[in-house]
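Before any comments, here is the structure.
Atom set for the values below is all heavy atoms of this structure, side chains included, hydrogens, waters and symmetry mates excluded.
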Amino acid sequence: MTTVRIGVMYDRDWAPEGLPGFAREVEALGVDDLWVVEDLGWNGGVSAAAVALGATERLRVGIGITPAPLRSPALLAMELATLARVFPGRLVAGVGHGVREWMVSVGAAPRSPLALLEETIGSVRALLRGERVELAGREVRLDGVQLVHPPVEPPPVVAGVVRPRSLELSGRVADGTVIAEGHGPREVETARALAGKGGAGPDHTVTVLAFCCVGDDPQRVAETLQPQVEGQGAWLGRPADQVFAVSGRAGEAADRVHELAAAGADTVVLRMAGPEPVRQLGCLLEALGR
């Protein structure tokens with residue numbers, strides 16, 4: 001059976017002070033990853049990652065995602081390098097376009113989102129490798145910037161993207177691709193193909209975020225997920241019944257995880273919905289044989 005990493009998201013609506021305890025609980029359950037969110041007005045992604053890393057001993061922590069328009073590449077590389085030096089091998093850094101309306105609302109909307117993302121990811125990766133970066137790009141300017149303390153093991157920098165041109169860009173410049181909630185196996189295969197068209201090699205990873213609710217009452221599970229799938233369906237431009245979710249009884253939810261893995265997902269990050277998320281997660285892990 002296809003091997004896949006299992007992660008869980010610390011939902012943006014959960015209070016930040018609950019993050020350390022949640023991180024320790026899910027680490028004890030045996031998940032591979034904990035992913036934190038950086039959406040405008042919610043929590044800071046780098047600071048949340050630092051909290052989660054400091055509270056745990058083994059978990060890999062992913063930042064999903066930092067909006068490139070809000071982050072100076074030099075400062076982002078400095079922040080990531082600090083975490084990677086203190087917690088080697090335990091960080092994944094996601095970078096994306098950010099929600100256009102949010103970027104406009106803070107006066108940070110770029111002229112060319114594609115150029116900004118490409119120049120940001122390329123320069124951050126180079127800085128994390130310890131290189132001296134000279135870049136006079138369309139959106140990013142770096143005049144001989146170099147990190148004094150680059151990480152011994154540079155963390156993967158992955159692109160959180162949706163549209164075809166951005167998926168190709170991810171394959172060209174990033175270590176991996178992060179796919180948003182609601183996308184199923186067919187979209188995973190498409191994302192892999194587009195990243196490959198952009199030049200992704202065999203080491204390019206695909207991480208899929210997925211809404212998750214586990215329970216024995218199908219109607220209650222559907223009602224619990226309804227707000228999430230309807231909201232995401234509106235964002236994706238598709239009916240709610242076409243929004244993929246890892247849901248149902250534990251065995252059924254495990255089957256959905258295996259479908260994503262068979263389609264090419266290396267990591268499935270679960271965004272839990274409903275009461276007792278840690279208990280739900282434990283039931284699913286047991287069904288997965290973890």
Side-chain angles (χ1 to χ4, degrees), residues 1-14 18-19 21-37 52 56 58-60 62 64 178-192 205-236 238-290:
M1 190 166 289
T2 307
T3 301
V4 62
R5 295 181 67 93
I6 300 298
V8 62
M9 180 186 294
Y10 191 76
D11 196 274
R12 67 185 189 180
D13 288 331
W14 298 345
L19 176 55
F22 182 85
R24 287 188 287 266
E25 282 189 275
V26 299
E27 181 175 59
L29 278 181
V31 298
D32 302 299
D33 288 14
L34 172 64
W35 283 67
V36 295
V37 184
T56 55
R58 174 192 56 81
L59 275 183
R60 189 176 73 167
V178 180
I179 302 174
E181 299 92 334
H183 292 97
R186 183 176 300 177
E187 287 95 350
V188 173
E189 293 173 352
T190 299
R192 272 237 175 253
T205 62
V206 172
T207 298
V208 184
L209 312 182
F211 295 117
C212 181
C213 185
V214 179
D216 292 330
D217 184 338
Q219 182 175 349
R220 182 169 295 180
V221 167
E223 290 173 352
T224 299
L225 282 173
Q226 184 176 356
Q228 285 90 339
V229 298
E230 286 186 350
Q232 194 73 354
W235 183 67
L236 293 172
R238 65 179 65 171
D241 61 4
Q242 294 180 20
V243 175
F244 184 89
V246 173
S247 64
R249 294 179 174 86
E252 295 168 335
D255 288 342
R256 302 293 84 77
V257 171
H258 290 311
E259 290 171 14
L260 293 172
D266 299 291
T267 301
V268 175
V269 179
L270 305 166
R271 185 174 176 181
M272 309 304 298
E276 300 182 278
V278 175
R279 182 195 60 78
Q280 290 187 54
L281 180 61
C283 292
L284 175 54
L285 290 173
E286 184 176 354
L288 289 166
R290 299 296 181 100

- Item | Spatial distance of atom CZ (Arg24) from atom CG (Leu29) [nearest 0.5 Å] | 14.0 Å
- Show your reasoning for whether side chain to side chain contact (heavy atoms under 4.5 Å, CB included) applies to Val8 and Asp33. CA-CA 6 Å; Val8 62; Asp33 288 14; over 6 Å; no
- Message: Checking Tyr10 against Trp35 for the ring-ring contact (aromatic ring centres under 6.0 Å, His included) test, could you report, in this order, the C-alpha distance in whole Å, the side-chain angles of both residues, the deciding distance, and whether it holds?
- Response: CA-CA 6 Å; Tyr10 191 76; Trp35 283 67; over 10 Å; no
- Message: Could you walk me through whether Trp14 and Leu19 satisfy the side chain to side chain contact (heavy atoms under 4.5 Å, CB included) test, starting with their C-alpha distance in whole Å, then the side-chain angles of each, then the deciding distance to 0.1 Å, before giving a yes or no?
- Response: CA-CA 8 Å; Trp14 298 345; Leu19 176 55; over 6 Å; no
- For atom CZ of Arg279, decide whether the heavy atoms of other residues, nucleotides or ligands shown that lie under 6.0 angstrom number more than 12. yes
- Might you confirm whether atom CZ of Arg238 has over 12 heavy atoms from other residues, nucleotides or ligands at distances under 6.0 Å? yes
How close do [X] and [Y] get, counting heavy atoms only, and between which atoms?
{"X": "Glu189", "Y": "Ala263", "result": "CG-O, 3.5 Å"}
{"X": "Val243", "Y": "Gly233", "result": "CG2-CA, 3.6 Å"}
{"X": "Leu260", "Y": "Pro185", "result": "CD2-N, 3.9 Å"}
{"X": "Ile179", "Y": "Ala191", "result": "CD1-CB, 3.5 Å"}
{"X": "Cys213", "Y": "Leu225", "result": "CB-CG, 3.7 Å"}
{"X": "Leu59", "Y": "Val31", "result": "CD2-O, 3.4 Å"}

- So, Glu223 versus Gln219: side-chain donor-acceptor pair below 3.5 Å or not? yes
Given 3.5 Å as the limit, does a donor-acceptor pair link the side chain of [X] with the main chain of [Y], or not?
{"X": "Glu187", "Y": "Gly184", "answer": "yes"}
{"X": "Glu252", "Y": "Arg249", "answer": "yes"}
{"X": "Glu27", "Y": "Arg58", "answer": "yes"}

N/O donor to acceptor pairs below 3.5 angstrom from side-chain atoms of residues 281-290, sequence neighbours left out:
| from | atom 1 | to | atom 2 | distance (Å) |
| --- | --- | --- | --- | --- |
| Arg290 | NH1 | Asp32 | OD2 | 3.1 |
| Arg290 | NH2 | Val4 | O | 2.4 |

- Flag the pair Leu270 / Phe211 as yes when at least one side-chain heavy-atom distance between them is below 4.5 Å, and no otherwise. no
- Message: Measuring only between side-chain heavy atoms, which start at C-beta, is Arg12 closer than 4.5 Å to Val36?
- Response: no
- Query: Which is it for Met272 and Met9 under the side chain to side chain contact (heavy atoms under 4.5 Å, CB included) test, yes or no, and what are the steps along the way?
  - Reply: CA-CA 7 Å; Met272 309 304 298; Met9 180 186 294; over 6 Å; no
- side chain to side chain contact (heavy atoms under 4.5 Å, CB included) assessment of Val208 paired with Val269: CA-CA 6 Å; Val208 184; Val269 179; over 6 Å; no
- Task: Hey, could you give me each pair passing salt bridge (Lys or Arg N to Asp or Glu O under 4.0 Å) that has a residue in residues 266-275? Not counting sequence neighbours.
- Result: Asp11-Arg271, Glu181-Arg271, Arg192-Asp266
- Message: Between Glu259 and Arg256, is the salt bridge (charged side-chain N to carboxylate O under 4.0 Å, His left out) condition met? List the steps.
- Response: CA-CA 5 Å; Glu259 290 171 14; Arg256 302 293 84 77; 2.7 Å; yes
